[in-house]
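Structure record follows, encoded as structure tokens.
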Amino acid sequence: MSSAARDVLLGHATQVAPRLLGAVVESYLGGQRVAVRIVETEAYRQDDPASHTFRGPTSRNRVMFGPPGHAYVYFTYGMHHCLNVVCEPEGVGAAVLLRAGEVIEGAGTAQARRGPRVRTDALAAGPARLTQSLGIDRSHDGLDLFDAGSPLRLHLGPAVPDDGIAVGPRVGIRHAADKGWRFWLTGEPTVSRYTRHPGAPRLP
DNA sequence: ATGAGGATCCTCT
DNA sequence: GAGGATCCTCATA
């Protein structure tokens, strides 16, 4: 990984999350090339009741405690996978969930994976939709996103100016739903639909 | 060994 | 806006 990328990823998860907006995830999984430009992210870290690492290392979350720049992929709701970029120094359990993006390469492959009726804007407009378009599952947990030989890579772009970024509460969680740890690019049609968890308190 | 719940999505009303 | 799909992971015992 370049020293510039390293500097970005070593930061606090809430700094890294907005910095990943506009970055491109490139997948060669399944022998097909699909690239997605990220438009929505969420920060998760160890001192955070909503994070998988809140109760310490387990076999599932161990890569979140590893070096930054690797993929943390988890399985949820009995059928969905979600992709995170591990951040902060090794030993700290922190990552950024990639919640939504725009398919910019391999739309035909993404469409085939998602189904023929899915609208173009919706191909990767959600964390599980994004992994499905990219062909990601639990077997890809731990991949180095900054290794030139990896079938799954992350390309950082320039930082987006603050006035192009919106901030709000994270989606689908019970705990710490008041924190503004979700970030998205304003005016993007591929941002996921916001569905507040039934048990979550409202923003002040 | 067991049970509850989950960083979601789709379909239908 | 509600409900079901579907199974892994973790906590408790």
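Proteins come first, then strands; the chains are lettered A, B, ... in the order of their sequence lines, and each starts at number 1. The structure presented is a predicted model; accordingly, all values stated were derived computationally and were not measured. Below, all heavy atoms of this structure are taken into account, side chains as well, without hydrogens, waters or symmetry copies.
Backbone-only engagement by A/Ala128 is indicated by non-hydrogen atom pairs under 4.0 Å involving sugar-phosphate atoms exclusively. The residue A/Arg114 sits close only to the backbone: its heavy atoms come under 4.0 Å of sugar-phosphate atoms, none of a base.
Checking B/dA7 for Watson-Crick or G-U wobble geometry (two distances, each under 3.5 Å) identifies no partner in any strand. In this structure C/dA11 sits in a base pair with B/dT2, meeting the Watson-Crick or G-U test at under 3.5 Å.
Residue order along DNA chain C, read from the 5' end via each residue's closest nucleotide, puts A/Thr76 first among A/Arg55 and A/Thr76. Place A/His80 and A/Arg138 on DNA chain C by their nearest nucleotides, and A/His80 ends up nearer the 5' end.
By the 4.5 Å heavy-atom criterion applied to side chains, A/Ile38 and A/Val25 are counted as neighbours.
Rounding to the nearest 0.5 Å gives a distance of 7.5 Å between CZ of A/Arg113 and CG of A/Leu134. Taken to the nearest 0.5 Å, the SG atom of A/Cys87 stands 12.5 Å off from the OH atom of A/Tyr44.
Side-chain contact of A/Ser192 with A/Arg99: a donor-acceptor pair under 3.5 Å is present, judged by distance alone.
Ring geometry for A/His52 versus A/Tyr74: interplanar angle over 60°, hence perpendicular rather than tilted (30 to 60°).
Along DNA chain C, read 5' to 3', the first and last nucleotides having any atom under 4.0 Å from a heavy atom of chain A are C/dA5 to C/dA11.
One can place OH of A/Tyr74 at 18 Å from P of B/dG5, the figure rounded to the nearest angstrom. One interatomic measurement links the two molecules: CZ of A/Arg129 to C1' of B/dT11, which rounds to 12 Å at whole-angstrom precision.
For the pair A/Arg60 and A/Phe75, the NZ or CZ position fails the cation-pi test of under 6.0 Å to the six-membered ring centre and within 45 degrees of the ring normal.
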